[in-house]
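Reckoned from all heavy atoms, side chains included, excluding hydrogens, waters and symmetry mates.
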Amino acid sequence: MKLKIIHTNDLHSHFDEFSRAASLIRQHKDESTVLLDGGDFADFRSIELQGTKGMAAIELIESLGYDALTVGNNEMFNGVETLEYMASNSSVPFISNNLYKKDKTRITGIVSSTLIEKKGLRILITGSSPDLDVFNDGLGVHMSDYKTALKGEIDRYYGEYDVCIVMNHIGTAADDQLAAELADIDVILSAHDHQLYPEPKFINGTLRNSAGNYGAHIGILELEVTGDHVKLLDSAMLSTSEAAIDEQATAILRTNKDKAVANLSRPLYHLDQPLWHDVIEENPMANLIADGLQNMLKGDIGLINSGIVNAGLFDWVSDKKLIEICPSPLNPTIFEVKGKDILAAIEQSLDVQACLADGSGPGFRGKFAGRLHVSGAEIVHDGQRVIDMRIGDEPLQEEKWYKVASSDYLQRGSGYPSLAQNQHTSYRPEDIRDVIRMYASQPSFIEGAMVKRWTIDSKVTV
């Protein structure tokens with residue numbers, strides 16, 4: 001019996017590219033095709049997803065007749081509630097054999113496997129989600145061991161399938177090891193590390209393939225199944241760059257963008273005072289975020305780089321405006337850092353060139369790193385060096401560990417490397433824009449944001 005597999009992975013909501021991938025999928029899909037996605041299809045960087053709770057992505061995969069989608073990390077990043085909403089309202093199975101809520105109960109709508117039939121051929125489809133380690137608690141999820149979970153699914157369906165397809169979102173290296181250790185898998189489709197295989201490979205009799213990222217390619221495998229033997233007849237990794245634009249996909253996106261903009265543009269509240277912003281100068285927009293983080297996470301200090309936002313807030317606040325000024329999906333994060341490493345970062349922030357440096361880093365969608373802003377601290381400087389820094393009512397102690405309420409961007413040392421020397425990290429599932437939304441609605445925090453924390457020494461002539 002013949003079986004065709006068409007697969008995609010790691011789209012990350014690059015919908016312009018996907019509209020071309022969709023036309024290729026329609027061109028090559030037939031009655032013997034299994035159409036699969038390996039996860040990170042729905043990245044909430046997209047306004048279409050943010051304004052529809054992810055339903056724009058569901059409409060896209062349903063319109064093309066996908067048979068299953070593995071839950072990647074980006075499907076989780078908008079919280080368990082949104083993931084449940086998407087999965088429960090999708091006719092396409094959301095698969096993860098190792099993903100649970102924090103209390104180890106199943107997430108509504110997520111299935112561990114699906115068993116489908118194509119022209120009399122029984123196909124078991126399962127897959128695992130990535131263990132996000134320190135992010136798990138903040139996201140409200142628990143990950144079981146993917147090898148144990150996978151073996152359990154294969155054993156559970158023993159004798160009920162002709163072909164076993166695993167579409168994992170754990171990375172190609174982990175999948176290579178899996179193929180070497182387990183002989184009962186016919187095909188592994190990899191995702192998560194964005195690898196593009198020019199052609200499939202065999203490991204221990206298991207066929208392996210991965211289709212890159214961002215909708216730039218679709219993978220096609222043509223198989224012949226005879227008894228318990230699966231033979232590769234042909235394969236292709238098709239570039240989407242020259243493909244036609246799929247009109248149905250673009251119509252779905254256009255409709256959902258209109259819905260999203262309408263939903264997100266509703267005014268939330270009015271600001272009594274404007275929160276202006278600047279990349280270099282101390283400003284109330286960044287001060288508000290630092291204050292909010294300290295209050296939310298109960299840190300000794302709040303610390304944020306002004307590059308996290310690219311504009312201030314004036315008059316009315318809406319979700320659309322918050323997305324526009326703070327597009328980076330970065331999380332409130334608390335960690336411990338020694339005083340000397342905080343001081344090194346603060347002094348680095350006095351350098352204008354450091355503030356104007358390229359802010360590139362995981363999850364960062366701004367331009368400049370920006371100046372550091374603090375809460376719960378006061379800094380006296382001469383323009384180049386810190387003369388005095390106090391945390392609370394006490395001078396900063398270089399060897400003391402301080403709890404720093406910040407973002408995962410700074411926790412990784414992005415822009416300010418000394419902050420990477422940290423310990424005891426904990427994350428929250430909210431985005432930094434949620435911090436703005438929460439605290440800009442409170443007059444006391446608006447007033448507090450106007451209070452300066454950086455002072456130039458009076459002895460310094462300007």
Side-chain angles (χ1 to χ4, degrees), residues 8 10-23 25-26 35 37 39-66 68-69 71-94 107-110 214-215 244-270 309-311 313-330 363 365 429-434 436-438 440-441:
T8 55
D10 295 288
L11 178 70
H12 288 276
S13 294
H14 282 68
F15 292 136
D16 288 343
E17 290 83 355
F18 185 73
S19 67
R20 297 183 184 278
S23 66
I25 290 170
R26 294 192 201 279
L35 178 56
D37 186 85
D40 278 4
F41 186 95
D43 185 327
F44 281 82
R45 66 192 288 274
S46 158
I47 195 168
E48 291 92 342
L49 299 194
Q50 292 194 37
T52 64
K53 292 188 71 174
M55 290 308 295
I58 302 303
E59 289 186 32
L60 283 175
I61 62 175
E62 287 180 337
S63 74
L64 284 160
Y66 271 80
L69 173 145
V71 178
N73 46 293
N74 275 272
E75 278 80 26
M76 304 179 215
F77 280 163
N78 220 46
V80 170
E81 181 183 347
T82 299
L83 176 57
E84 286 187 319
Y85 182 82
M86 293 171 64
S88 299
N89 287 283
S90 172
S91 62
V92 178
F94 273 48
I107 296 174
T108 305
I110 306 295
Y214 302 159
I245 294 173
D246 184 78
E247 293 301 328
Q248 187 174 349
T250 56
I252 288 170
L253 290 166
R254 187 165 51 248
T255 299
N256 278 283
K257 186 169 186 177
D258 289 343
K259 289 180 186 175
V261 169
N263 290 337
L264 296 171
S265 296
R266 297 189 186 103
L268 299 174
Y269 51 83
H270 183 268
V309 288
N310 52 41
L313 280 174
F314 306 88
D315 301 323
W316 292 98
V317 176
S318 69
D319 285 319
K320 181 174 179 290
K321 177 57 68 175
L322 290 169
I323 293 167
E324 289 170 351
I325 71 165
C326 189
S328 302
L330 295 166
R365 291 175 184 147
E430 295 90 350
D431 289 336
I432 296 299
R433 75 175 68 93
D434 296 318
I436 303 172
R437 181 190 297 106
M438 291 168 60
S441 66

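Counting heavy atoms from C-beta on, the side chains of Met55 and Lys259 never come closer than 4.5 Å. Between Phe94 and Ile58 there is a side-chain heavy-atom pair separated by less than 4.5 Å. Looking at Lys321 and Glu324, their side chains come closer than 4.5 Å, going by heavy atoms from C-beta outward. The shortest side-chain heavy-atom distance between Phe15 and Ser46 falls under the 4.5 Å cut-off.
Checked by atom type and distance alone, the side chain of Ser90 never pairs as donor or acceptor with a backbone atom of Ala87 at under 3.5 Å. Without hydrogens or angle criteria, Glu75 side chain to Gly72 main chain gives a donor-acceptor distance under 3.5 Å. Here the side chain of Ser63 pairs a donor or acceptor atom with the backbone of Leu60 at under 3.5 angstrom. Counting only distance, with no hydrogens or angles, the side chain of Tyr269 and the backbone of Arg437 share a donor-acceptor pair below 3.5 Å. With hydrogens and angles disregarded, no donor-acceptor distance shorter than 3.5 Å links the side chain of Asn256 to the backbone of Leu253. Formation of a donor-acceptor pair under 3.5 Å by the Asn263 side chain with backbone atoms of Gly51 is found in this model. With hydrogens and angles ignored, the 3.5 Å screen pairs no side-chain donor or acceptor of Ser318 with any backbone N or O of Pro267. Looking at Ser23, its side chain does come within 3.5 Å of a backbone N or O of Ala244 through a donor-acceptor pair. No donor-acceptor distance shorter than 3.5 angstrom exists from the side chain of Asp431 to the backbone of Asp434, with no hydrogens or angles considered. The backbone N or O of Glu247 lies less than 3.5 Å from a partner atom in the side chain of Thr250, making a donor-acceptor pair.
Pairing each heavy atom of Leu69 with each of Val92, the nearest pair is N-CG1, 4.2 Å. Minimum interatomic distance between Asp43 and Leu49 (heavy atoms only, all atoms of both residues): O-CD1, 3.5 Å. Between Phe44 and Lys53, the shortest heavy-atom contact is CE2-C, 4.3 Å. Annotation for Glu48 and Ala56: closest pair O-CB, 3.8 Å, computed over non-hydrogen atoms. The nearest pair of heavy atoms linking Gln50 to Leu264 is O-CD2, 4.1 Å. Of all heavy-atom pairs spanning Ala21 and Gly215, the tightest one is CB-O, 4.1 Å.
Side-chain contact annotation: Thr8 with Asp37, donor-acceptor N/O pair under 3.5 Å present.
In this structure, OG1 in Thr52 is found 8.0 Å from CE in Met86, a value given to the nearest 0.5 Å.
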Requested in this report: Assess whether salt bridge (charged side-chain N to carboxylate O under 4.0 Å, His left out) is satisfied between Arg20 and Asp246, documenting all intermediate values.
Outcome: CA-CA 6 Å; Arg20 297 183 184 278; Asp246 184 78; over 6 Å; no
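In this structure, the ring of Phe41 has its center less than 6.0 angstrom from the ring center of Phe18.
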